[in-house]
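Here the structure is laid out as C-alpha cells; the discussion comes afterwards.
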Amino acid sequence: MVYLHYRAVFLEHGGSTYSNIHIIVGGLDSESAVNRLESHIMARKGVESCSASIANSILTVEYSAHSVGPRDIMSTVESLGFTAELATKEDQVKRLDHSEEVAKWWNTFLWSLACGIPVMLVMIVFHWILHTPMHPERQTPIFSPALSLDNLILLVLCTPVQLWCGRHFYSAAWKAMKHGAMNMDVLIVLATSIAFIYSVGVLMAALILNWPSSPMTFFDVTPMLIVFIALGRYLEHKAKGKTSEALSRLMSLQAKEATIVTLDANGREESERGICIELVQRGDIIKVLGGSKIPVDGVVIQGHSSVDESFITGESMPIVKKKGDSVVGGSLNTKGTILIQATHVGNESTLAQIVKLVEEAQTNKAPIQQLADKIAGMFVPLVIGVSIVTLIAWILIGYFDESIEGDSRAEMIIRVALEASITVLAIACPCSLGLATPTAVMVATGMGATNGILIKGGEPLERVHKVTTVVFDKTGTITEGKPRVISMVSLKSTTSLPLPTLMSIIGSAESFSEHPIGSAITAFTQSYLGTEQKATVSKFHVSPGESD
C-alpha cells in the first residue's frame, strides 16, 4: 500500500467497533414487557441495537464499549424489575429448554384442576340442576340461612386456588404495574380478584345483615379460569422447549475432541495426541477414524472414506472422500481412516454458522409479529377500558329498569353488572396475541434446522405460504439414503454358473467395499443365501471416486 503511495496505519483490532452481549432476562413474559425493555435499553447512550426474545428470554445488545458497559446494561434491565444474568452459549441453549417454567405451570394446572373439578360438580348439581340461587327454598343452610352448602364448598375450594395457584399471576402483574406497564397477567388478576373479593364480600354482608337466603357468588371464576390459563402456559412453554431440542441436536453434532498428528517429511505419522475441540487451530493435521465425527472443516490430505454429510447437504447417501476433497465438521466418517488439515475452526466452521443462523432466525421478528406487538401493547388497556364501560353501562341499565324490584334490587344490579364486566376480562385473558407468532417462528425454525431445512427468519417463513412449486436439485435429497437391491439380471445360464455360487462370489467381493452400494449388495446376498459367511478374498483394491 505504501508502494502505491497510500498512507497505511496498522490497526491492532480490526472489524466492528461494537461489542455484543447476551443477557438472560427473568420475568420477560409479554410483548409489552419486551417493548418496554427494548425502549429503555435503546435510550442508553452507546447502544447501537437491541433485541429481546420472549420465546427464550434472551436479550441481545450491540453497544459501543467507549460509551456503555455490560454492567450498565444489566443495571438498566434490573432497574425495570427484571432479573439479569450474563448468558454463555450453554446457558442460552439450556434456557431454551423451559424445563422450570414447564414444571411450574404443570404443578399449577394440577392443583387448580384438583379444585376445579369439584367446583364444576357443585355448579352442575346446585346451580344448573337445583337452581339454588333462584330458588332459595332449595338451598341447604349451614349455621345461617345466609350461608348455603354450595357457597361454603365453593369458598373452601376456591380460596387455595386464588391465593396459592394465583401467586404467579399476582407476582408478574405487580412487576408490570410497578413500572407502568400492563400485560395479560393484569387481566387475569383483575378477573379472578374481582370475582373472588365480590363473592367473599357479598357472602359476609349476607351473614352480617342476616339475609333470608344465600346470595349468588362468582367463586367458580377463579379455578375455571386458572385451570385453562395454566394449561395454556404449560403447552406454550412445552412448545418453546422443542426449539431447545433442535439446537441441542445441532450443537451435539460437533465432536468434543480431536486427534492431532504430526507428520515427518515423508508424510508418516510421528506422534499423535488428543486435545479439546476448542484448541484446534487452522492448519492442524487431524486423524479421523472410521465411525467417528469429523471435528472441524478441512481438506483430506491422506486416505479415503465415505462421509455422511446429510445434516448439511441433504444428500442422504454417504459421499466418497479422497485426497484433496473438503469435509465438513460434524459430518460422520463412516468407513476408513483419513487425515485432514483444518481450514475453518471455532465460529468460522459451517456447523457454528448454522447454529448462529438458527438463533438469529428465532429472534428476528416477522412483519406480522411487529404488527402483533403494536396491537398487544394497546390490548390490555383497551380490554380494561371496555370492561369498565361494560360495568357502568349495566349499572345504568339496571338503575333505569323499573321491572327490577324488591329489597335485593341493588345487589341484583351490581351482580349482573359485575358478571358482564368480569366476562369481558375473562374472555380476553387467554389471548396469546403477542405469544403465538414468536412461538410459531421459534418452533418452525428449530424443527426445520433439525430436518436439514434452514430458515433465515420470520419474514421468509411468512412468505413461504405463497410457494406453489418446490424443485429438488437431485433425487438423493429426498430418498432414504439406504440403497437396496430390488432385482438382478444374470448374463450366464444358471447351469454353467448356479445362482447361489454367483451370489456368494459377488457378496464376498463387495463385503470389503466401503461404498453404500457395495454394502447394499452384500446385505442382499446374505439375505438370499441365509448366511453371513463369505469366501476368502485376496488382492482386493479400492479405486475411490472412479465409479463414474
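Note that the numbering runs from 1 along the sequence shown for the chain.
With hydrogens and angles disregarded, a donor-acceptor distance shorter than 3.5 Å links the side chain of E38 to the backbone of A52. A donor-acceptor pair under 3.5 Å links the side-chain atoms of R282 to the main chain of T343, judged by distance alone. For S305 (side chain) and G336 (main-chain N/O), a donor-acceptor pair under 3.5 Å exists by modelled atom type. Although no hydrogens or angles enter the test, the distance criterion places no donor-acceptor pair under 3.5 Å between the side chain of N107 and the main chain of L110. With hydrogens and angles disregarded, a donor-acceptor distance shorter than 3.5 Å links the side chain of T108 to the backbone of K104. Side-chain N or O atoms of T525 include one that pairs as donor or acceptor with a backbone N or O of T522 at under 3.5 Å. The backbone N or O of S306 sits less than 3.5 Å from a side-chain atom of T334, completing a donor-acceptor pair. Side-chain N or O atoms of D185 include none that pairs as donor or acceptor with a backbone N or O of F169 at under 3.5 Å. Looking only at distances, a side-chain donor or acceptor of S292 sits under 3.5 Å from a matching main-chain atom of L289. Between the side chain of S527 and the backbone N or O of A523, no donor-acceptor pair lies under 3.5 Å.
Looking at heavy atoms from C-beta onward, I340 lies out of side-chain contact with V299 at the 4.5 angstrom threshold. Looking at heavy atoms from C-beta onward, L263 lies in side-chain contact with E269 at the 4.5 angstrom threshold. Taking 4.5 Å as the limit, every side-chain heavy atom of R44 sits out of range of all side-chain heavy atoms of I73. A heavy-atom distance below 4.5 Å is not found between the side chains of V345 and Q281. Within the 4.5 Å cutoff, the side chain of S326 has no heavy atoms near those of the D297 side chain. At least one side-chain heavy atom of T262 sits less than 4.5 Å from a side-chain heavy atom of S271.
Side chain to side chain, H22 and T60 meet the donor-acceptor criterion of an N or O pair below 3.5 Å.
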Donor-acceptor pairs are to be reported for all side-chain atoms of residues 497-504 against protein atoms at under 3.5 Å, with residues two or more places apart or in another chain.
none

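Separating the CD1 atom in I319 from the CG atom in D325 is a distance of 9.5 Å, to the nearest 0.5 Å. To the nearest 0.5 Å, atom CZ of residue R484 and atom CD1 of residue I517 are 14.0 Å apart.
The side-chain contact (heavy atoms from CB on, under 4.5 Å) test with I301 is passed by exactly one of I338, I285, I286: I285.
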